[in-house]
Amino acid sequence: MPFPVSPLLSKEAIAERVKELGAQLRADYEGKNFLIVCVLKGSFVFAADLARAIDLPLRIDFLGTRSYGDGTESSGVVQITQDLSRPIEDVHVLLVEDIVDSGLTIAHLIKLLRTRSPASLKVCSLLHKPSRAKIEVPIDYLGFTIEDRFVVGYGLDHAELYRNLPFIGVLTP
Ligand code: 5GP
């Protein structure tokens, strides 16, 4: 890896929190037509673990977005790189994000998906950096609140690297 990474959240701490979120989601979505929308690419690891922690029948779909270039600052422009494969009308949709930073990405996705008449639309994010918020967004299910540091691992990248680290850490160039 080009830069060392200092650990912030261990794989054990993440697994424990994912288990708790899974139990909470199981209780809230029981008996509903439930779809998890994995927001690519960053949330692919979280969504895979979360889906397996929810003991319910559910569907999974993928939405590709890109808001950062190869740097560590948001460009503020949200590009949709891949749309959902099926309509979501009358479906209970849970948007699964890796991190809510400025809030611009999730706000954009909420606006986009609302036009498709889902039965409900909620947000689950593994991480939140409240100090960086540029727009208020509802996070219905949250893993961890973190300081304003650029984090990598567990799906999160820097210039497409580090996604396969099993823990979350801070880049220390
Ligand atoms: P927002 O639109 O809320 O500013 O940013 C959302 C997206 O920016 C996230 O889904 C993630 O891809 C990226 N992002 C924001 N903060 C970080 C960070 O600390 N590390 C990494 N690797 N990506 C981040």
Side-chain angles (χ1 to χ4, degrees), residues 1-11 13-15 17-18 21 25 35-51 53 60-85 88 93-115 118 121-173:
M1 291 290 178
F3 300 122
V5 177
S6 46
L8 182 68
L9 295 165
S10 68
K11 65 178 186 180
I14 298 169
R17 191 70 191 111
V18 168
L21 288 170
L25 288 161
L35 175 76
I36 284 184
V37 172
C38 170
V39 182
L40 297 172
K41 298 178 188 171
S43 75
F44 82 103
V45 177
F46 176 44
D49 282 347
L50 186 67
I60 304 185
D61 209 340
F62 301 92
L63 195 54
T65 63
R66 190 168 182 274
S67 61
Y68 277 33
D70 282 345
T72 59
E73 279 298 315
S74 175
S75 65
V77 179
V78 183
Q79 285 171 260
I80 303 291
T81 56
Q82 182 186 319
D83 203 348
L84 298 176
S85 64
I88 53 166
V93 176
L94 182 70
L95 269 172
V96 175
E97 257 288 25
D98 50 356
I99 183 163
V100 175
D101 185 19
S102 68
L104 294 171
T105 304
I106 208 73
H108 182 82
L109 297 182
I110 289 172
K111 208 166 134 192
L112 175 75
L113 296 188
R114 280 233 174 91
T115 64
L121 182 59
K122 290 193 173 177
V123 174
C124 176
S125 182
L126 178 64
L127 305 173
H128 184 210
K129 280 189 217 170
S131 59
R132 301 252 307 171
K134 286 192 183 146
I135 184 167
E136 266 309 297
V137 285
I139 305 177
D140 304 281
Y141 303 91
L142 176 64
F144 304 92
T145 298
I146 60 166
E147 307 268 296
D148 181 12
R149 311 288 297 276
F150 191 82
V151 291
V152 295
Y154 198 70
L156 289 137
D157 77 311
H158 177 242
E160 294 299 332
L161 293 173
Y162 306 97
R163 293 194 196 276
N164 58 325
L165 287 181
F167 61 92
I168 290 173
V170 179
L171 278 190
T172 49

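Order of appearance sets the numbers: ligands from 1, and atoms from 1 within every ligand. Not measured: the values here are computed from a predicted model.
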Going by heavy-atom distance to atom 24 (C) of ligand 1, choose the closest among I99, T65, I168.
I99
Would you mind running through ligand 1 and noting each atom that sits below 4.0 Å from a heavy atom of D157?
21 (C), 22 (N)
Could you pull out the closest heavy-atom pair between I110 and L121, with the gap in Å?
O-CD2, 3.7 Å
Short N/O distance, under 3.5 Å, between V151 and ligand 1?
yes
Which of the atoms of ligand 1 are close to S102, meaning less than 4.0 Å from one of its heavy atoms?
1 (P), 2 (O), 3 (O), 4 (O)
Applying a strict 4.0 Å limit to heavy atoms, is R149 in contact with ligand 1?
yes
Positive for side chain to side chain contact (heavy atoms under 4.5 Å, CB included) with S125, one of V137, V39, I139
I139
Considering only heavy atoms, does D98 approach ligand 1 within less than 4.0 Å through its side chain, its backbone, both, or neither?
side chain
What part of K129, side chain from CB on, backbone N/CA/C/O, both or neither, has a heavy atom under 4.0 Å from ligand 1?
side chain
Please identify which atoms of ligand 1 are closer than 4.0 Å to at least one heavy atom of E97.
10 (O)
May I ask you to decide if F3's main-chain N or O and Y162's side chain share a donor-acceptor pair within less than 3.5 Å?
yes
Closer than 3.5 angstrom, by distance alone: can the side chain of S43 be matched with the main-chain N or O of V96 as a donor-acceptor pair?
yes
Donor-acceptor pair, side chain of S10 and main chain of A13, under 3.5 angstrom:
yes
What about G103: any of its N or O atoms under 3.5 Å from an N or O on ligand 1?
yes
With a 4.5 Å limit on heavy-atom distance, are the side chains of D49 and Y154 in contact?
yes
I want to know if ligand 1 touches H158 in the polar sense, i.e. an N/O pair below 3.5 angstrom.
no
For the pair D61 (side chain) and S85 (backbone), establish whether a donor and an acceptor sit closer than 3.5 Å, ignoring hydrogens and angles.
yes
